[in-house]
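Given the structure is predicted, the values throughout are model-derived calculations rather than measurements. The chains referred to below are lettered A, B, ... by the order of the sequence lines, with proteins before strands, and numbering in each begins at 1.
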2 protein chains.
Amino acid sequence: MSSTAERSAERRAPLTRGRVLESAVELADTAGIDALTIRRIAERLGVEPMSLYYHVRNKEAILDGAVELVFTEVEQASGGFAVPETDAAWKSSLRTRILAARTVMLRHPWAPGVIDSRTDLGLATARYVDSVVGTLRSGGLSYDLIHHAMHALGSRMFGFTQELGEPDDESGDAAVMEQMAAQVPHLAAMLAVVRHVDPDSTLGWCDDQFEFEFGLDLILDGLERLTRADRPRPARS
Amino acid sequence: MSSTAERSAERRAPLTRGRVLESAVELADTAGIDALTIRRIAERLGVEPMSLYYHVRNKEAILDGAVELVFTEVEQASGGFAVPETDAAWKSSLRTRILAARTVMLRHPWAPGVIDSRTDLGLATARYVDSVVGTLRSGGLSYDLIHHAMHALGSRMFGFTQELGEPDDESGDAAVMEQMAAQVPHLAAMLAVVRHVDPDSTLGWCDDQFEFEFGLDLILDGLERLTRADRPRPARS
DNA sequence: ACCTGAACACCGTTCAAGT
DNA sequence: ACCTGAACACCGTTCAAGT
């Protein structure tokens, strides 16, 4: 039987959970999240679709695992998740870590959406979050304020923000601009001023580095101000 | 032929684009976004699946339309999208409008995800965004700052924020807590303090009204500060 | 003009079976 | 222990056809 050309078990490394997840990430990176199907992962691995089920429970588990791989990358990009015992520069330290997460997300444009659809945190993700909490704590913020801070940061904590698409259509057209000016005058006026449509930004409308950092700093500065206001009395627990 | 019981055309109002979209919204509200399929919408309307294609181009168009219905509700809840010519109280005015959007989103838990997946704005959505731009402008912010502000607000502008699920599992368990304390000590410490797990919040982890308003106000206050700093020189058009 | 039936090319997943 | 084949219950969508 070793003569049949179709035998795949020996011309391929054995299937493992790890290889399935890596393959899933690569597929999503190259072909997009819609192409991430059990059947296409199997095809990529030179294996029958049903074989995957021996190594992962179902598709959700593959998505969970893919997110875990992403946060493993974040850990590397971040030079580990160590939190200094005491850190006066919590703000810049946190800023750097979040921007590191962002560079990883830019490599995996599908990640924001998938992260967002997860119901619970895996270990790698939780360890990242833990490092954020720890860094804020090192800055003397109370756990209550830290909690609020993390809600305020939202997905920005993971290096991305969700934005909405552009107004309807090819807005180079003069007729379209005219119609926009009639229907949404304020929006049209703003676009006329800021017009920096950026089709390369895979994370959404104009979501380039500058805008991300602007929003991030607005929040971090606000938190710093709140901490200072809190300083007179000791940080709660 | 009028004797056959299966004739549906006369016992049902005629199919229209509007009825399709309303039906889609109701279905998503009651059965969840995963249940929103062409086939189930048709079933609900007492019609064959293929009939829908006469009134809408495809499923994406249905999702587009459903979002438009949501923002029509936002307009009603907001008492219209009028923008005052001049408004010293831009901050409270914007705050109120965004919180109105939020109450609508809470009625349609599927909306955040769908909104997020749209590639371009429909008219109703654009008119909402326009009213936000207009309100900020009435407060004297420059269009540049308004642009940054809208990125900073992100999905909060639409009344929601994306958050991540809870750490792994049933964290009432003492053994689980112990393991968490070992693996993610800072996170565990925070949770021990703030523990207000809210399973009813359909918009995500602890994303209750308070946290939403905290984050919103952090941003609005930051913007206000930036505007004041900008005041000496005239607002850049 | 409006709706339908049959068919196509996909999904994720089960279950019993192979080696 | 690890992989597979056949089958099931779904999808969205096309196309030609009915009334």
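In this structure, A:Pro49 and B:Thr16 both approach DNA chain C, and ranking their closest nucleotides by distance from the 5' end singles out B:Thr16.
Side-chain N/O atoms of A:Tyr53 include one lying less than 4.0 angstrom from OP1 or OP2 on C:dT13. The shortest distance between the side-chain N/O atoms of B:His55 and the OP1/OP2 oxygens of C:dC3 is below 4.0 Å. Between C:dC2 and B:Tyr54, a contact under 4.0 Å exists linking OP1 or OP2 to a side-chain N or O.
Atom-to-atom, CG of B:Leu36 to P of D:dC10 comes out at 17 Å; the value is rounded to the nearest Å. We find that CG of B:Leu52 is positioned 19 Å from P of C:dA1, with the value rounded to whole Å. Rounded to an integer number of Å, the gap from CE of A:Met50 to C1' of C:dA17 is 14 Å. The separation between A:Ile41 atom CD1 and C:dT13 atom C1' is 14 Å, rounded to whole Å. The CD atom of A:Glu48 sits 15 Å away from the P atom of C:dT19 (whole-angstrom rounding). Atom pair A:Arg57:CZ and C:dG12:C1' shows a separation of 14 Å (rounding to whole Å applied). Computed from coordinates, the A:Leu45 CG to D:dC3 P distance equals 10 Å when rounded to whole Å. Whole-Å rounding puts the A:Asp34 CG to D:dC11 C1' distance at 13 Å.
Using a 30° and 60° split on the angle between ring planes, B:Phe160 and B:Phe158 fall in the parallel class, below 30°.
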* To do: Please step through side-chain contact (heavy atoms from CB on, under 4.5 Å) for the pair A:His186 and B:Ile146, ending with a clear verdict.
  => CA-CA 11 Å; A:His186 303 102; B:Ile146 291 171; over 6 Å; no
* To do: In sequence, state the C-alpha distance, the side-chain angles, and the governing distance for A:Val129 and B:Val184, and then conclude on side-chain contact (heavy atoms from CB on, under 4.5 Å).
  => CA-CA 8 Å; A:Val129 173; B:Val184 286; over 6 Å; no
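Base pairing of C:dA7 is made with D:dT13, judged by Watson-Crick or G-U wobble geometry with both donor-acceptor distances under 3.5 Å. Applying the Watson-Crick and G-U wobble criteria (two distances, each under 3.5 Å), C:dT19 pairs with D:dA1.
Residue contacts for A:Ser51: at a heavy-atom cut-off of 4.0 Å it reaches a base atom on one of the strands shown.
Summarising the local packing, CZ of A:Arg107 is surrounded by more than 12 heavy atoms from other residues, nucleotides or ligands at distances under 6.0 Å.
Listed nucleotides: D:dT13, D:dT4, C:dG12. Nearest to the side chain of A:Ile38: C:dG12.
In summary, the side chains of A:Thr161 and A:Arg156 do not present any donor paired with an acceptor at a separation below 3.5 Å, with no hydrogens or angles considered.
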